[in-house]
Number of protein chains: 2
Amino acid sequence: MSFIEKARRAQIVKCAIETIAEVGYTQASLGEIAKRAKISKGVISYHFASKDELLEQICIEYYIAWQSYISPRLEAQKSPKEMLRVYIESNLAFVAENRQHFFAVLELVSKNITAGGELQLSADHDEAVLVPIENILAQGVQEGLFRKFTKSSARVMALTIRNAIDGFTMELIRKPHLDVQEYTRELVTIFDISTKN
Amino acid sequence: MSFIEKARRAQIVKCAIETIAEVGYTQASLGEIAKRAKISKGVISYHFASKDELLEQICIEYYIAWQSYISPRLEAQKSPKEMLRVYIESNLAFVAENRQHFFAVLELVSKNITAGGELQLSADHDEAVLVPIENILAQGVQEGLFRKFTKSSARVMALTIRNAIDGFTMELIRKPHLDVQEYTRELVTIFDISTKN
DNA sequence: TTATTTTTTGTACGATTGTACTAAAATAAA
DNA sequence: TTTATTTTAGTACAATCGTACAAAAAATAA
C-alpha cells in the first residue's frame with residue numbers, strides 16, 4: 001500500500017467519523033463526506049471498494065484503538081477489585097477522548113443489528129467485549145473478594161457494566177459538558193458496592 | 001376521525017412497527033410498509049401527513065402504553081425500596097412483552113438524536129424518564145433506606161438503571177430466548193445492593 | 001336511485017444515493 | 001525528457017425514496 005493510499009484512507013476514515021458524528025448516519029453520504037474532505041466522490045470509491053468497506057474500517061480502527069488503550073491498563077492491575085475500577089475508569093476516559101469515533105461506531109453497529117444476516121458479527125463483538133469483564137468477576141469470586149456470581153449472573157453483571165459505559169457515552173453526546181470525573185467516580189462506586197462480598 | 005381512519009391508522013402503525021423491527025429503520029420504506037400491510041403506498045400518505053408523522057405516532061403510542069403499564073404498579077408501592085424493585089421488574093416485563101415496539105422506538109430515537117435540531121425532544125424524553133427514578137432515590141435517602149445520594153450522584157444512578165433496562169432490551173433482541181425472569185432478579189439484586197444504606 | 005364525499009389505487013416526478021466510468025492530472029519510472 | 005502508472009475530478013447511470021396527483025372505487029348522504 002503506497003504512502004498516498006495510506007494517507008488518503010486515513011483522511012477519509014477520519015472525515016467519515018466526523019461526518020457521521022455531526023450529521024448522523026443517514027445524512028452521511030459519500031458525497032457529504034467527500035465535500036467535507038474537499039475531495040471528489042470518486043476518490044473515496046478509488047480507495048475503498050465500497051461504502052461498506054469504509055464503514056467497516058471505522059469500526060476496526062476503533063476496536064484496535066480501544067484494545068490498545070484498555071489492555072495495558074488492565075494488565076497492570078493485580079486485584080480484581082482494582083481491575084474492575086480501572087476497567088470502568090479507562091473505558092470512560094477513552095470514550096470521553098474519542099466521543100465522535102465511539103458515536104460513529106455505535107451508529108454503525110445499531111444499523112448492522114437491523115441488517116439481518118450481520119447479527120453474528122454483533123454477537124462476536126459482544127462476546128469479545130463481555131468476556132473480559134466476566135473474567136474479572138470470576139477471578140474476584142475465586143479470590144473471595146466479590147460476592148458469589150454464577151455464570152449467568154456474572155453475564156448480567158457484565159452486561160450492566162457495559163451498558164453503563166455505553167449509556168454514559170450517549171449522555172455525554174447529549175450533554176457535552178458533563179463532568180466526566182464525577183460520573184466516573186459514581187460508576188466505580190456503584191459497581192464496587194454491587195460486587196463486593 | 002372516522003372509523004375507517006382510526007382503523008387504518010392503527011393498522012399502519014402496527015405494520016410500521018413490525019417492519020422496522022424486522023428489517024430495520026433504513027429498510028423500512030413506505031413502500032415496504034405498504035407491501036406488508038397489503039395496501040397501496042398512497043393509503044399511508046392519505047392517512048398520515050408525512051412519514052415523520054407516522055414515525056412520531058409510533059413513539060407516542062409506545063410512551064402512552066409504557067406510562068399506563070408502569071405508573072399504577074409504581075404507585076401501588078409504599079417503600080422506595082419496593083418502588084425501585086417494581087420499577088425494574090415492570091419495565092423489564094413491559095419491554096419483554098413489547099420488544100418490537102420498544103426496538104422500533106429505540107431505532108427512531110437514535111435517528112432523531114443525529115438529526116440535529118431534534119436534540120431537544122430527546123432531552124425532554126430523558127427528563128421524563130429519569131426524573132421518576134430520581135424521585136424514588138430521593139425519597140429513599142430521605143427515609144434513610146438508601147445511602148446518601150447527591151443530586152448529581154442520583155442522576156448517575158438513575159441513568160445507570162435506565163441504561164441497564166434499555167441495554168437489557170438490546171440483549172433480548174440479540175438473544176430472544178434470554179431468561180427474562182432470571183435477568184430481572186439479577187438486576188433487582190444489583191441495584192438493591194448498590195442503593196442500600 | 002342519484003349525488004356527494006371519502007377512500008384507494010397506481011403512476012409519475014424530483015431528489016438523493018452508491019457505483020461505474022472516462023478523461024485529466026499528478027506522480028513515478030525509464 | 002519520455003513513458004508508464006497511479007491518483008483525482010467530474011459526470012452519468014440505475015435504483016430507491018417520499019410525496020403529489022389523477023382517476024377509479026367504495027362508502028355515505030340525499
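Proteins come first, then strands; the chains are lettered A, B, ... in the order of their sequence lines, and each starts at number 1.
- For dT6(C), neither phosphate oxygen OP1 nor OP2 lies less than 4.0 angstrom from any side-chain nitrogen or oxygen of R8(B).
- Residues forming a salt bridge (charged side-chain N to carboxylate O under 4.0 Å, His left out) with E82(A) (at least two apart in sequence, or on another chain): R85(A).
- Within the structure, ring-ring contact (aromatic ring centres under 6.0 Å, His included) contacts touching residues 31-60 of chain A (residues at least two apart or in different chains) do not occur.
- Taking a 6.0 Å sphere around CD of E5(B), one finds it holds more than 12 heavy atoms contributed by other residues, nucleotides or ligands.
- Residue S50(A) places no side-chain N or O under 4.0 Å from the OP1 or OP2 atom of dG18(C).
- Listed by chain and number, the residues in a side-chain contact (heavy atoms from CB on, under 4.5 Å) with Q181(A) are D179(A) (sequence neighbours excluded).
- Where the helix from dT1(C)-dA30(D) to dA30(C)-dT1(D) starts and where it ends, the local axes point in directions that differ by 0°; five pairs per end, rounded to 10°.
- Judged as a salt bridge (charged side-chain N to carboxylate O under 4.0 Å, His left out), and not counting sequence neighbours, R99(B) has no contacts.
- Computed from coordinates, the I4(A) CD1 to dA28(C) C1' distance equals 10 Å when rounded to whole Å.
- With sequence neighbours excluded, no residue satisfies salt bridge (charged side-chain N to carboxylate O under 4.0 Å, His left out) with R73(A).
- Of the possible polar contacts, none joining the E186(A) side chain to the V156(B) backbone as a donor-acceptor pair under 3.5 Å is found.
- A heavy atom lying under 4.0 Å from DNA chain C marks the following residues of residues 37-46 of chain B, by number: I39(B), S40(B), K41(B), G42(B), V43(B), Y46(B).
- Atom-to-atom, CD of Q27(B) to P of dG18(C) comes out at 13 Å; the value is rounded to the nearest Å.
- With sequence neighbours left out, the ring-ring contact (aromatic ring centres under 6.0 Å, His included) criterion links Y183(B) to F168(B).
- A nucleotide of DNA chain D counts as in contact with chain A when one of its atoms lies under 4.0 Å from a heavy atom; the first and last such, 5' to 3', are dT6(D) to dA12(D).
- One atom, CG of D52(A), and another, C1' of dT17(C), lie 13 Å apart when rounded to the nearest Å.
- Sorted by first and then second residue, the pairs that involve residues 69-91 of chain B and meet ring-ring contact (aromatic ring centres under 6.0 Å, His included), not counting sequence neighbours, are Y69(B)-F94(B).
- Computed from coordinates, the L30(A) CG to dA20(C) C1' distance equals 13 Å when rounded to whole Å.
- Sorted by first and then second residue, the side-chain hydrogen bond (donor to acceptor under 3.5 Å, both in side chains) pairs with a member in residues 187-197 of chain B read K81(B)-D192(B); sequence neighbours excluded.
- Between G31(A) and E5(B), the residue whose closest nucleotide on DNA chain C is further toward the 5' end is E5(B).
- Using a 4.0 Å cut-off, no side-chain N or O of S29(A) falls inside it from OP1 or OP2 of dT16(C).
- Under the 4.5 angstrom side-chain criterion for Ile, Leu, Val, Met, Phe, Trp and Tyr, the cluster partners of I60(B) are I64(B).
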